[in-house]
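Indexing begins at 1, ligand by ligand and atom by atom, following the structure's order. Values in this document were obtained by computation on a predicted structure and should not be read as measured data.
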Amino acid sequence: MKRMKNDRLESQIAQVAEVAGYLWQRGWAERNGGNISVNVTDLLTESEKALPAISESYALPKTMKWLKGNCFLVTGTNRRMRYVASQPMENMAIIRIDNAGDTYEIIADNPVRPTSELPSHLSMHDYLKGQGIDNKVVLHTHPTDLVAMTHYRPFLQPDVLGKLLWSMIPETRVIVPKGLGIVPYELPGSMALADATIQLLDRYDVVMWEKHGALAVGSDVIECFDMIDTLSKSAQIYLQARAMGFEPEGMTEAQSEELRKAFHLC
Ligand code: 13P
Ligand code: ZN
């Protein structure tokens with residue numbers, strides 16, 4: 001980092017770079033697929049938050065009421081995750097929302113334009129903050145197995161796919177206790193996609209955007225990755241069973257309920 005010398009921020013950047021590498025290795029990040037944002041406001045000093053901008057100011061699609069003056073580390077639009085991993089600040093930027101919540105500008109390190117999914121990401125940060133939830137991270141990626149499953153209409157009914165994935169291996173319900181929501185197809189980068197996603201965030205840890213990708217929210221980027229990775233593990237078990245020619249039996253409702261109680265899940 002040229003503009004900020006800050007160990008806590010450096011370690012957050014290193015974590016995002018680590019996860020970007022995992023997304024690429026998993027085959028979920030073709031070309032520029034996927035994006036990550038982290039609220040880093042609490043990691044910055046007052047003088048870092050007040051640094052002069054290195055870009056013009058850009059309008060946001062709606063007022064971000066709870067994010068006034070907040071700063072975010074965001075992956076750049078059209079940037080490849082494999083290069084976020086190897087050269088993080090050449091492919092990410094730190095942006096600052098203005099004090100009215102209506103615009104943002106880039107304050108570090110290079111003038112990298114944020115992801116086209118910024119409306120979704122900021123809407124989610126804004127919504128969760130407004131609910132009093134200490135959410136820091138929004139992670140979006142394109143897991144092949146999970147996206148394939150959203151091409152099958154019966155799986156798009158509420159809780160059908162989530163329950164199926166929970167039933168493939170006990171860990172999935174433990175790691176993703178609120179389960180998987182389904183957002184019907186909307187144009188990537190649109191406010192319609194952002195609004196539809198927000199409606200499911202109270203109820204689920206991870207949502208699938210139909211025929212597009214997964215989105216996880218949380219306080220830690222590694223945890224967000226782990227939730228999607230665990231869902232993908234369940235998807236793999238299901239698909240491998242189907243490839244062997246049988247419909248997997250799945251854990252019973254009673255076994256899932258026993259697990260919920262034993263692990264004090266919601
Ligand atoms: P960006 O390169 O703008 O982040 O877009 C990638 C993507 O996955 C859109 O949903
Ligand atoms: Zn995408």
Ligand 1 atoms in contact with H212 (distance to a heavy atom under 4.0 Å): 10 (O)
Residues N78 and R113: side-chain donor-acceptor under 3.5 angstrom: no
Ligand 1 versus T115: contacting region, heavy-atom distance under 4.0 Å: both
Ring geometry between H140 and H212 (parallel below 30°, tilted from 30 to 60°, perpendicular above 60°): perpendicular
Parallel, tilted or perpendicular: ring planes of H121 versus H125, cut at 30 and 60 degrees: tilted
T75 near ligand 1 by a heavy-atom separation under 4.0 Å: no
Over 12 foreign heavy atoms within 6.0 Å of NZ, K65: no
Distance filter under 4.0 Å to T77 heavy atoms, resulting ligand 1 atoms: 1 (P), 2 (O), 3 (O)
Exercise: identify the closest heavy-atom pair between R8 and L43: NH2-CA, 3.6 Å
Atom of H140 closest to the Zn ion (ligand 2), considering N, O or S atoms: NE2
Distance-only polar pair, side chains of T197 and W209, donor-acceptor under 3.5 Å: yes
Closest approach of any protein heavy atom to atom 7 (C) of ligand 1, naming residue and atom: N35 ND2, 3.4 Å
Y204 side chain to D159 side chain, donor-acceptor N/O pair below 3.5 angstrom: yes
Minimum-distance protein heavy atom relative to atom 10 (O) of ligand 1: E117 OE2, 2.5 Å
Close-contact set for ligand 1 against H140 heavy atoms, below 4.0 Å: 8 (O), 10 (O)
Sub-3.5 Å N/O-N/O distance, W209 and ligand 1: no
Atoms of ligand 1, numbered as shown, that sit under 4.0 Å from any heavy atom of N32: 1 (P), 2 (O), 5 (O), 6 (C)
Atom nearest to the Zn ion (ligand 2) - H142, N, O or S atoms considered: NE2
Polar side chain donor-acceptor pair, N32 to Y83, under 3.5 angstrom: no
Over 12 foreign heavy atoms within 6.0 Å of CD, E249: no
Atom indices of ligand 1 within 4.0 angstrom of H142 heavy atoms, with elements: 8 (O)
Per atom 3 (O) of ligand 1, closest listed option by heavy atom (S116, G213, G34): S116
